[in-house]
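One structure below.
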Number of protein chains: 2
Amino acid sequence: MARKAANRRVGITDVAQRAGVSLASVSRVMNGNFSVDPEIAARVRTAAAELNYQPNAVGRSLALGKTDTIGVVVPDLANPTFQGMLRGVSRAAAQDGYRVLIADSSEVSSEESILAGEARRRCDGVVLCAPRMNEAELEALLPSLRPLVLVNRSTADTQTPSLVVDYGQGVQDLAAHLVEFGHTKLAFLEGPERSASNQARLQGLEKFRVDHPEVELSILPAGSSFEAGHGSVDGVLESGATGVLAFNDLVAMGLLSGLHERGIDVPGEISVTGFDDIPFANYTTPPLTTAAVPINDIGEQAWHEMRRLLGDGDLEPSHTTFQPEVRRRGSTGPAAG
Amino acid sequence: MARKAANRRVGITDVAQRAGVSLASVSRVMNGNFSVDPEIAARVRTAAAELNYQPNAVGRSLALGKTDTIGVVVPDLANPTFQGMLRGVSRAAAQDGYRVLIADSSEVSSEESILAGEARRRCDGVVLCAPRMNEAELEALLPSLRPLVLVNRSTADTQTPSLVVDYGQGVQDLAAHLVEFGHTKLAFLEGPERSASNQARLQGLEKFRVDHPEVELSILPAGSSFEAGHGSVDGVLESGATGVLAFNDLVAMGLLSGLHERGIDVPGEISVTGFDDIPFANYTTPPLTTAAVPINDIGEQAWHEMRRLLGDGDLEPSHTTFQPEVRRRGSTGPAAG
DNA sequence: CCTATTTCAGAAAACGTTTTCTCACAGCGA
DNA sequence: TCGCTGTGAGAAAACGTTTTCTGAAATAGG
């Protein structure tokens with residue numbers, strides 16, 4: 001039947017045949033190689049146009065040994081932080097003609113290594129973002145993932161470039177901001193247990209406790225979502241805290257919403273801080289005091305690191321730390337009483 | 001030097017050699033083909049494990065003629081709607097072992113066809129989301145993109161499955177909601193000119209004008225972002241409208257924020273509606289009345305359509321329309337006076 | 001015991017490119 | 001005129017798999 005023939009994709013062979021030249025010449029013309037007779041080049045080009053020839057990327061990748069694609073593995077595509085990060089990587093990579101393959105582990109840490117490995121096999125490199133897996137697992141995985149860029153997670157392996165945010169310092173800055181306002185009873189709404197950035201915050205708070213023995217600080221379990229914040233209103237009230245450090249902006253917004261429902265004034269009765277400065281933090285009521293993380297820049301930097309690795313790879317791996325910046329807004333104020 | 005040898009990726013050939021069998025056998029074992037001697041299978045498996053063999057996806061794709069990857073083209077990765085859509089596709093596709101390649105046209109409509117074509121060449125299919133290109137361009141592009149699923153855009157070509165939201169009806173419902181509250185002077189904050197969903201809203205409003213000749217309705221240019229809404233406060237006030245239909249939730253939130261800065265009470269003096277019901281719409285002050293679009297479901301459905309196409313493709317293409325649902329919240333109320 | 005059939009491993013072709021290698025031919029100097 | 005060099009086109013190898021094809025051995029049936 002004609003169907004078979006009609007369905008067959010037109011390849012470089014068809015173009016060569018039609019133009020009456022060899023495969024090699026077609027390939028040369030297509031790639032802008034100049035050492036080819038203009039007359040032949042023209043014939044090839046018209047043949048290609050007539051057949052509506054589209055080069056097959058897979059064949060090309062196999063011959064070239066590269067896919068011009070990198071994988072990005074994130075714990076949760078619903079999280080604005082990872083969305084911003086993804087966007088940063090994607091836009092920066094696009095500038096250099098690279099595409100991004102996404103993998104969302106849905107916060108299931110056991111999926112991460114599988115997803116990452118699979119991504120690596122399809123792509124030229126992997127950006128691993130805030131992996132939830134434990135250190136041992138991570139260490140074991142690293143070598144097979146190279147070229148690899150690690151975001152929001154550090155590791156003992158110094159060969160892997162990493163981009164981290166100094167969450168420990170950020171949370172201390174926020175706490176200090178509350179102390180300035182006269183708060184002496186604080187509460188921290190904890191994030192996902194396996195999140196390295198949560199651990200970093202906890203360590204920062206330990207340091208804070210040492211520096212401010214006069215301040216009472218309770219640690220309350222919450223999570224990383226809006227709902228987590230909304231659900232921890234009771235805990236916050238029980239703790240008696242007048243200043244609350246939420247794990248991130250989402251949690252803070254949930255808390256804000258919950259407090260509003262109870263008729264509790266923010267910042268009149270309770271001050272609330274977030275973390276990340278997601279696009280909406282500026283527009284809550286009251287606007288959220290938070291520690292800004294330049295997440296788009298981080299994504300962009302991640303790509304730049306990857307590009308370096310893809311280039312020659314003999315360069316020194318870099319380990320960049322980003323300092324969050326406190327944005328004082330309406331959700332924090334002087335302690336009551 | 002040893003370097004060359006060390007750097008060479010271990011392939012199926014190496015495994016075959018080590019196990020003392022042929023390539024074919026290794027391939028069979030790897031793919032769980034049972035017609036192979038258990039003893040040989042075991043030898044292959046240990047060899048593969050010892051060499052830490054990772055099959056090369058590109059070679060595999062070439063032989064199989066499929067990549068197990070689909071492309072998703074969106075106008076703007078920063079837009080929560082497209083983020084939700086992307087997430088829906090990604091999660092659903094992952095269930096079936098497919099991955100997603102993303103392409104962000106950054107609202108540059110001339111980039112779309114290039115990105116889409118490139119995505120198609122790398123992937124087994126493409127989901128084209130709210131393309132900004134004009135109808136002629138789209139029609140011309142469609143054939144070369146197949147298998148293709150179109151989201152938030154319809155076309156004369158009925159062979160392409162499409163998933164659209166009935167924005168026209170949605171905006172009429174919202175307008176009706178405002179009329180119920182006694183509003184007689186309305187304003188619509190328009191979205192991007194090239195957005196088909198913006199055209200759909202405009203058509204819906206034309207119909208609304210016919211049905212409600214007593215209502216005065218002005219159309220004001222704005223955009224699709226928070227900033228667009230924030231910047232159109234003046235226009236809204238000049239128009240004298242007491243009820244504002246924002247293009248989407250982002251615009252509505254921007255407007256809310258701008259009105260708040262001017263000390264204008266919502267909904268006391270002006271009622272505001274959004275569109276989409278993004279996750280944050282529930283938590284603005286006041287909570288935003290909006291028309292809910294099940295964007296995650298749409299993403300999921302888009303994958304299901306794609307899967308059908310990938311299956312045999314001889315099925316009837318489906319054209320699904322989603323009806324937005326009005327969520328009455330605090331940002332709308334009785335007209336003043 | 002011999003043939004017909006089945007089973008299963010290996011050889012080789014196929015997938016669609018790029019690139020190296022080979023070779024013919026033209027131009028040039030001696 | 002002869003050979004040498006340089007140019008550029010075609011043949012073929014390479015990339016790493018899967019799968020068809022081939023053929024040998026084993027098994028079953030008469």
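Per chain, numbering begins at 1; letters A, B, ... match sequence-line order. The figures here come from the full heavy-atom set of this structure, side chains too, leaving out hydrogens, waters and symmetry mates.
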Touch check for [X], heavy atoms < 4.0 angstrom, all strands: base, sugar-phosphate only, or nothing?
X: A:Val21; result: sugar-phosphate
X: A:Val58; result: nothing
X: A:Ser35; result: sugar-phosphate
X: A:Gly11; result: sugar-phosphate

I want to check one thing: is the phosphate of [N], taken as OP1 and OP2, less than 4.0 Å away from some side-chain N or O of [X]?
X: B:Arg60; N: D:dT18; answer: yes
X: A:Ser25; N: D:dG10; answer: yes
X: B:Tyr53; N: D:dG16; answer: no

For the residue pair [Y] / [X], report whether a side-chain donor-acceptor contact shorter than 3.5 Å exists.
X: B:Asp124; Y: B:Thr67; result: yes
X: A:Thr320; Y: A:Gln301; result: no
X: B:Asn56; Y: A:Arg122; result: no

Whole-Å distance between [N] [atom2] and [X] [atom1]?
X: A:Leu23; N: D:dA12; atom1: CG; atom2: C1'; result: 10 Å
X: B:Arg121; N: C:dC15; atom1: CZ; atom2: P; result: 21 Å
X: B:Asp37; N: D:dA25; atom1: CG; atom2: C1'; result: 13 Å
X: A:Glu39; N: D:dT7; atom1: CD; atom2: P; result: 20 Å
X: A:Gln17; N: D:dA9; atom1: CD; atom2: P; result: 19 Å
X: A:Asp14; N: C:dG16; atom1: CG; atom2: P; result: 9 Å
X: B:Lys66; N: D:dT18; atom1: NZ; atom2: C1'; result: 13 Å
X: B:Arg9; N: D:dT17; atom1: CZ; atom2: P; result: 7 Å

Checklist entry - Can you find a pair of side-chain heavy atoms, one from A:Val149 and one from A:Leu128, that are under 4.5 Å apart? => result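 Sidechains of A:Leu128 and A:Val149: no contact.
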Measuring from the side chain of [X] (C-beta onward, heavy atoms only), which nucleotide among [options] has the closest atom?
X: A:Ala63; options: C:dG16, D:dT19, C:dA9; result: C:dG16
X: A:Ala24; options: C:dT19, C:dA9, D:dT18; result: C:dT19
X: A:Asn56; options: C:dA9, C:dG16, C:dT18; result: C:dG16
X: B:Leu62; options: C:dC15, D:dT20, D:dG10; result: C:dC15
X: B:Leu64; options: D:dT17, D:dC15, D:dT19; result: D:dT19

Next on the checklist: Using heavy-atom distances to pick each residue's nearest nucleotide on DNA chain C, tell me which of A:Arg28 and A:Thr13 is more 5'.
Outcome noted: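 Nearer the 5' end of the strand: A:Thr13.
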Next on the checklist: I'd like to know if A:Asp37 pairs up with A:Arg43 as an ion pair, taking the criterion as any Lys NZ or Arg NE/NH1/NH2 lying under 4.0 Å from an Asp or Glu carboxylate oxygen.
Outcome noted: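 No.
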Checklist entry - Could you walk me through whether B:Glu107 and B:Arg132 pass the salt bridge (Lys or Arg N to Asp or Glu O under 4.0 Å) check? => result CA-CA 7 Å; B:Glu107 293 279 1; B:Arg132 286 357 186 176; 3.0 Å; yes
